[in-house]
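Working notes, structure below.
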Amino acid sequence: MTPLRGSSLHGRTAALALALVAAFAAPGARAQGKAVYDQACGVCHNAGIVGAPKLGDAKAWEPRIKQGVPALYAVALGGKGGMPARGGNLNLSDTQVKSAVDYIVSQAKVRATTAVASAPPAAAPAPATRTAAAVASTPAAQSPPASALPTSAAQPPAAPAATAPTDPPASSVAKFAPGPTTVAAAVPVRAPVSGAQANAFNRLLRPPAQRNLPPAEDGIHDPANDGTQLLQPPLEAFGALPRSNAGNRVDWVKALAETRIQPRVDRVDPKAEAVVMDLNIVREVKGSMPDVVYPHKQHTEWLDCSNCHPAIFVPQKGANQISMAGILLGEKCGVCHGKVAFPVSECRLCHSKPKPTAATAAPAR
Amino acid sequence: MNPADRYVPRRRPRTRLAVALFAIVAAVLSALAPDAGAEYGDVVINNYSDGAGMRPVVFPHWFHRVRYRCKVCHADLGFQFKAGGNQINMVKIIDGQFCGGCHNGDIAWSVENCNLCHSGKPGTLTQVHESTTSQIASPPARVTAK
């Protein structure tokens with residue numbers, strides 16, 4: 001201990017600094033690795049496209065990792081088989097590509113010993129550094145660092161330089177990254193019922209505060225996802241459109257009729273015109289509800305004949321049994337109405353033709 | 001024998017029945033209540049995403065119908081009218097099918113923007129958000145497609 005005593009303060013500070021650097025740099029590198037992976041590699045490596053070994057598939061990755069992480073770096077940078085160099089994204093820097101490889105290796109969870117054996121010598125001090133970081137980060141452990149410090153304090157100041165950049169040796173990542181990055185929530189997401197919702201008068205009516213929320217607040221998009229922040233908030237698009245009382249609270253048919261929106265009829269040709277058929281079908285309904293007038297016009301503005309005929313509706317008078325029960329279950333009109341076209345709460349939009357009554361004695365039209 | 005004693009064992013099953021009934025009512029209520037504030041018609045597609053470690057896809061109908069009529073996707077591109085019924089995967093998309101008909105870097109942005117589509121909360125089930133079917137008849141079910 002004598003040679004160390006003189007510089008113990010120095011050593012301790014250096015070790016602390018080193019520990020801090022390691023503590024901050026390593027998760028940062030892992031996050032970067034994941035980001036690069038998601039952007040460039042995941043397209044194939046998530047699903048195993050074109051023979052790509054899947055992320056986290058230890059069996060597939062073990063033989064590859066055994067060849068050494070530098071070999072993996074070389075493959076990632078230069079390409080191999082069906083895999084393009086840098087995952088096809090030539091804008092990525094070497095460091096970024098390597099961080100993605102480190103992330104993949106960390107997810108493979110192949111025993112770190114195999115990686116250590118073939119990893120560059122610079123990898124050796126890293127585990128010790130991380131240990132020091134773990135110890136030093138708890139305040140109680142800072143005062144008696146004697147057992148943890150000598151290893152890292154004995155390293156020349158070159159050590160932090162080797163570990164600090166966003167390019168940590170793969171072995172340390174493989175060994176110490178259980179991965180807070182894994183998306184592993186297998187529990188179905190169904191938000192708990194708040195008291196207000198459970199007793200809402202009409203569950204199809206949403207309270208004003210919950211209408212047209214931006215993606216990050218809508219309960220389905222993941223606010224932690226960077227892409228979510230880039231999505232257009234609905235109200236930004238709905239601002240100029242005629243409103244309605246249900247669904248998106250946009251009257252889409254009116255918006256189209258007034259050419260407030262000009263949705264394309266063809267995927268590529270902006271000039272293509274819709275084939276519109278103007279034919280109303282009146283369906284007499286039981287009970288006192290007004291009869292249904294089905295307008296082909298508004299439907300053919302949006303849809304092709306083949307969307308409904310003959311699979312959903314047999315194009316023949318009297319051949320289709322339609323009931324509200326079936327519609328609520330998603331049959332017939334319910335294939336769209338109640339899912340994306342205006343919902344069934346808007347009774348009178350369909351049931352629009354009052355029955356002739358004895359009092360008025362109006363002739364049936 | 002006290003007649004009151006005789007009723008005791010009979011009451012227990014009733015309590016259990018009441019608890020069971022309450023549980024059923026609570027389950028139905030929770031199925032009926034809107035569980036999120038997303039747009040009407042937003043489709044969550046989670047056939048393979050969770051299994052592949054990706055966030056589920058959220059497809060915004062409203063965004064697309066501002067730009068395209070229904071027929072472009074549902075007739076020309078062949079999307080079935082059923083959430084999760086199209087077995088879409090990235091191979092098909094890159095091959096130009098389904099979303100890939102437009103999301104090819106030519107008509108709309110390309111597949112490297114993973115997180116714009118794969119933006120749902122992990123574990124969210126395949127469904128048309130706020131559809132009467134899922135609210136009334138059959139709540140979204142986990143499809144174990146391979």
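All heavy atoms count here, side chains included; hydrogens, waters and symmetry mates do not. Throughout, a chain's letter reflects where its sequence line sits, starting with A, and its residues are numbered from 1.
Rounding to the nearest 0.5 Å places CH2 of B/Trp62 at 10.0 Å from CG of A/Leu241. The distance from the CG atom of A/Asp38 to the CE atom of B/Met54 is 6.0 Å, given to the nearest 0.5 Å. Going from atom CG of A/Asp226 over to atom CG of B/Asn115 covers 4.5 Å, rounded to the nearest 0.5 Å. Expressed to the nearest 0.5 Å, how far CG of A/Asp304 lies from NE2 of B/His74 amounts to 12.5 Å. To the nearest 0.5 Å, atoms CZ (A/Arg264) and NZ (B/Lys71) are separated by 12.5 Å. To the nearest 0.5 Å, atoms NE2 (A/His221) and CG (B/Asp42) are separated by 6.0 Å.
Contact check for A/Val340 versus B/Val128: no side-chain heavy atoms found under the 4.5 Å cut-off.
Nearest heavy-atom pair, B/Arg65 versus A/Trp302, reported as atom, atom and distance to 0.1 Å: O-CZ3, 3.7 Å. In terms of heavy-atom proximity, A/Asn248 sits nearest to B/Glu39 at ND2-OE1, 2.8 Å. In this structure, B/Phe81 and A/Val335 approach most closely via the heavy-atom pair CB-CG1, 3.4 Å. The shortest heavy-atom contact between A/Leu231 and B/Ser119 is CD1-OG, 4.0 Å. Closest of all the heavy-atom pairs between B/Arg69 and A/Val265 is NE-CG2, 3.4 Å.
Per-residue counts of heavy-atom pairs under 4.5 Å with chain B were compared for A/Leu256, A/Val268, A/Ile327; the largest is that of A/Leu256. Among B/Cys117, B/Cys73, B/Cys70, B/Pro60, the residue making the largest number of heavy-atom pairs under 4.5 Å with chain A is B/Cys70. For chain A, the option among B/Gly41, B/Ser131, B/Ala38 with the highest count of heavy-atom pairs below 4.5 Å is B/Ala38. Interface check for chain B: of the options A/Gly338, A/Gly334, A/Gly227, the most heavy-atom pairs under 4.5 Å are formed by A/Gly338. Chosen from B/Gly101, B/Cys114, B/Cys102, the residue pairing most often with chain A at heavy-atom distances under 4.5 Å is B/Gly101. No other option in A/Gly56, A/Ala40, A/Pro234, A/Gly330 has as many heavy-atom pairs under 4.5 Å with chain B as A/Pro234. By number of non-hydrogen pairs under 4.5 angstrom with chain B, the leading residue of A/Ala237, A/Ala311, A/Ala341 is A/Ala341. For the options A/Arg260, A/Gln229, A/Glu301, heavy-atom pairs under 4.5 Å to chain B are most numerous at A/Glu301.
Around NZ of A/Lys254, the count of heavy atoms belonging to other residues, nucleotides or ligands within 6.0 Å does not exceed 12.
No donor-acceptor pair closer than 3.5 Å links the side chain of B/Arg67 to the backbone N or O of A/Pro263. Under a 3.5 Å cut-off, the side chain of B/Arg55 and the backbone N or O of A/Asp222 do not form any donor-acceptor pair. Using modelled atom types, no side-chain atom of B/Tyr40 and backbone atom of A/Asn212 make a donor-acceptor pair closer than 3.5 Å.
Neither the backbone nor the side chain of B/His64 comes within less than 4.5 Å of any heavy atom in chain A. The contact between A/Pro223 and chain B is made entirely by side chain atoms (from C-beta outward), counting heavy-atom distances below 4.5 Å. With a 4.5 Å cut-off on non-hydrogen atoms, B/Tyr68 touches chain A through its backbone and its side chain both. Of the two parts of B/Val44, only the side chain, counted from C-beta on, holds a non-hydrogen atom closer than 4.5 Å to a non-hydrogen atom of chain A. Only the side chain of A/Ile312 comes within less than 4.5 Å of a heavy atom in chain B; its backbone stays farther off. The contact between B/Ile107 and chain A is made entirely by side chain atoms (from C-beta outward), counting heavy-atom distances below 4.5 Å. With a threshold of 4.5 angstrom between heavy atoms, B/Ile93 does not approach chain A through any atom at all. If you measure heavy-atom distances from A/Pro233 to chain B, the contacts under 4.5 Å come from the backbone alone.
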Test log, rule side chain to side chain contact (heavy atoms under 4.5 Å, CB included), inputs A/Lys339 and B/Thr133: CA-CA 8 Å; A/Lys339 288 180 187 152; B/Thr133 320; 3.6 Å; yes
Step-by-step side chain to side chain contact (heavy atoms under 4.5 Å, CB included) determination, A/Asp266 to B/Val72: CA-CA 6 Å; A/Asp266 188 82; B/Val72 176; 5.7 Å; no
